[in-house]
Protein chains: 2
Amino acid sequence: MVTAREAREAAMDASKYVRYTPEQVEALERLYYECPKPSSLRRQQLVRECAVLANVDPKQIKVWFQNRRCREKQRKESGRLQSLNRKLTAMNKLLMEENDRLQKQVSHLVYENGYYRQQTHSAGLATTDTSCESVVTSGQQNLVAAPPPQPPPRDASPAGLMSIAEETLTEFLSKATGTAVEWVQMPGMKPGPDSIGIIAISHGCAGVAARACGLVGMEPAKVAEILKDWPLWLRDCRSMEVVNVLPAGSNGTIELLYMQLYAPTTLAPARDFWLMRYTSILDDGSLVVCERSLSSKQGGPSMPLVQPFIRGEMLPSGFLIRPSDGGGSVIHIVDHLDLEPWSVPEVVRPLYESSAIVAQKMSMAALRYLRQVAHEDTNSVITGWGRQPAALRALSQKLTRLGSSNSTNRSNSL
Amino acid sequence: MVTAREAREAAMDASKYVRYTPEQVEALERLYYECPKPSSLRRQQLVRECAVLANVDPKQIKVWFQNRRCREKQRKESGRLQSLNRKLTAMNKLLMEENDRLQKQVSHLVYENGYYRQQTHSAGLATTDTSCESVVTSGQQNLVAAPPPQPPPRDASPAGLMSIAEETLTEFLSKATGTAVEWVQMPGMKPGPDSIGIIAISHGCAGVAARACGLVGMEPAKVAEILKDWPLWLRDCRSMEVVNVLPAGSNGTIELLYMQLYAPTTLAPARDFWLMRYTSILDDGSLVVCERSLSSKQGGPSMPLVQPFIRGEMLPSGFLIRPSDGGGSVIHIVDHLDLEPWSVPEVVRPLYESSAIVAQKMSMAALRYLRQVAHEDTNSVITGWGRQPAALRALSQKLTRLGSSNSTNRSNSL
DNA sequence: TTCTAATAAGACGTAAGAAG
DNA sequence: CTTCTTACGTCTTATTAGAA
């Protein structure tokens, strides 16, 4: 058993247990990184080549690699379990929140339903149903909340913008986490263990809206950075330009954006948007990015139309990004648009009236892109994950320059 | 380093690495079980006392206990992580199913709501609202399904019972996992990580109903065994008697039960029930226990009234117990009763019309009891976990014997 | 070709040295 | 003492040479 131990250098004689020197460990680690499972031949070669390993028995090398593999395996398994645990816990939390929201929505609908049913009955008896509609309308919250009773000054002044921004934030949050919109199940989007998230689309509210919740293993700041860069993940985005940036409150930023979309068919002109974007941090550490159109209706400055485009309207929308316990983020996305379907021929109008399309093209595309980026480089170099879309973005910019005059200097949103 | 190895027996001489014999390991394990951290003194004592350890160096004993503690710690941590993982995965699945159900319910309600709204509007214009109610009623599924168009023979024959049993099964399942009842959130029962489960109560259906879903770390068969023994966990159960047992189909059993409840106040007489219980196994391995009242209305044999009692009716209810991947069970409970509130004074009538009380006293009590039993003896001896309720059951039987004549020989449901 | 014994290599568990 | 590390025994599995 105590054979071939004489090969070891002078200092140690019969003590079989020796710790390898830091240099030796370093060398072995380096070799392990190159090849964690060297052959018998390769091991002998190592002993000959590497000076610091000259005095080590090839058998010891073999054992060291075995132990090293074993350690890595154990650590990996433990890490895998822990990360899976964090993910599942976060998913659980998200699902419970969604459950809670759905429960509330059900309660509300059941209540409302009872009211309607009663109305229908009483309408058959007496004709006191003139108040019906108004009462119900005030009782339900399914439409976008009306502006506050005393609208603050609405101009392009910082105070005016701030007022609009805060209102947008409130409305977005109530759509994202509350029952401000009657969300219904996205057709074909069953919740599953490997599904992209929880997807819902609007029902019976003005415009078209979609909502998505999901998890992604990425820091909130990075998620926001990506999501704010529409051309990166929104295929239909032809260009986006940040016209103005101004600070708002503590940690808040208000931006004015101009964005152009591609037209889905040649039968209809493309849409463009003038948007206000408000980025801020909530008390609980969540990052919120919310947006809405700026139009003369809102009292803001009237933005000039750009010729081949039809001006679309974005109703309060945005992203809520909450840091998850496991290091990732919980993301809520709401996209609520009015694509002015009156302006397109009737045959293509469904394209402009479908919430499901918004869900597919915007909300889900955003989640999908984030997932892709997050999985693409798990733990490897963080830089360099914007490579593929770069070409696409260049094309987009080129097209933009050809098509209109104002979309050259992009913001440094990446 | 190679000291005190001479103490070892003849066979080995200078080889320092020796495995302990199975007898030695067994002895050490036994000692570890008694005291995992013996003092130096105690260890020397062990060497002297235990014959098989006579040849072992006390230093080796020390090392063995050290390593043993380390191993246990590692194993424990790994096991904890894995079990937590299984639990979270099962919870996730349950929540996703519940989410799906809620989504469907929302879609249905939104649709129905739209219909009512339209009706209300058209009622204001024309008076063609006579068809309204019937149309809506056929469109919704919120009431208990009507019996099939051609009712099979309904008598006490096996065929007749089997027909009732299958129908009961279908109705129970549609309440447990579908939208046969408009379930709404149980007041004050927010879904939480440590909540007992998902609790809902009925709205707008005949009688009072409650629904609970949850996980428990117990095999489905054991869960069914416990849940079928009402006196065990239902505080209000005064007695239960299995009158008849007959096999039904493959693996199925039909039982006829008589059950008495305590009256909640002295102002009202107590309720009793004649029930049919159908136990079977679904294709996916789920265990189902469903119940309903047998009454002359159902064509079954008319059961005699028992004097001080008012005969209550149990609408299709039961337990769906699905084995979970992690070894535990996913449980769905539906309790749907008609407690004949007309028969009690108006002051106590709310007690008989509240779904929330049913949820508290029955559905949640069942889950709570299971949880208690499952946590009480995690991995210890399985037998003996019916001890405490035994006294209660004896009391129940005593009371029953005093109160009525027919509830002596209990079935061997435990 | 197919079956079998010998050999080698790896995974796994564990005894014991070393560092904190 | 705990934690990490080295080293070794045992068991399983894959490969191969030799025999039926």
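This one's a predicted model, so the numbers in the text were calculated from it and none came from an experiment. Chain naming here is simple, since letters A, B, ... match the order of the sequence lines and numbering starts at 1 in each.
- As rounded to whole Å, 15 Å separates atom C1' of D:dC4 from atom OH of A:Tyr20.
- Here the side chain of A:Lys37 is nearest to one of C:dG10, D:dC1, C:dT14, namely C:dG10.
- We find that CG of B:Asn67 is positioned 13 Å from P of D:dC4, with the value rounded to whole Å.
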Handout entry: Trace of the salt bridge (charged side-chain N to carboxylate O under 4.0 Å, His left out) decision for A:Arg68 with A:Glu72
Key = CA-CA 6 Å; A:Arg68 182 60 237 268; A:Glu72 172 150 298; 3.3 Å; yes
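- The backbone N or O of A:Gln74 lies less than 3.5 Å from no partner atom in the side chain of A:Ser78, so there is not a single donor-acceptor pair.
- A straight line from CD of A:Gln74 to P of C:dG10 spans 18 Å, rounded to a whole angstrom.
- Across D:dG9, C:dA16, C:dG17, the shortest atom-to-atom separation from the side chain of B:Arg19 is found for D:dG9.
- Residue B:Lys73 places at least one side-chain N or O closer than 4.0 Å to OP1 or OP2 of D:dT3.
- Side-chain atoms of B:Arg43 never come within 3.5 Å of backbone atoms of B:Lys59 as a donor-acceptor pair (strictly under, hydrogens ignored).
- Here the side chain of B:Arg75 is nearest to one of D:dT5, C:dT14, C:dA16, namely C:dT14.
- At the phosphate of C:dA15, neither OP1 nor OP2 sits under 4.0 Å from any side-chain N or O atom of B:Gln60.
- Note: CD1 (B:Ile61) to C1' (C:dA16) measures 14 Å, nearest angstrom.
- Look at CD on A:Glu77: it is 15 Å from P on C:dA11, rounded to the nearest Å.
- The NZ-C1' distance, from B:Lys59 to C:dA18, rounds to 12 Å in whole Å.
- Look at CD on B:Glu29: it is 13 Å from C1' on C:dG13, rounded to the nearest Å.
- A salt bridge links B:Glu77 to B:Arg80: at least one charged side-chain nitrogen sits closer than 4.0 Å to a carboxylate oxygen.
- Residue A:Gln66 places none of its side-chain N or O atoms closer than 4.0 Å to OP1 or OP2 of C:dA11.
- Of the possible donor and acceptor atoms, none in the side chain of A:Ser324 sits under 3.5 Å from a partner among the backbone N and O of A:Val330.
- With hydrogens and angles left out, the side chain of A:Arg69 and the base of C:dG10 share no donor-acceptor pair within 3.5 Å.
- Rounded to whole angstrom, the span from the CZ atom of B:Arg68 across to the P atom of C:dA15 amounts to 10 Å.
- Taking only side-chain nitrogens and oxygens, A:Trp64 comes nearer than 4.0 Å to OP1 or OP2 of D:dT6.
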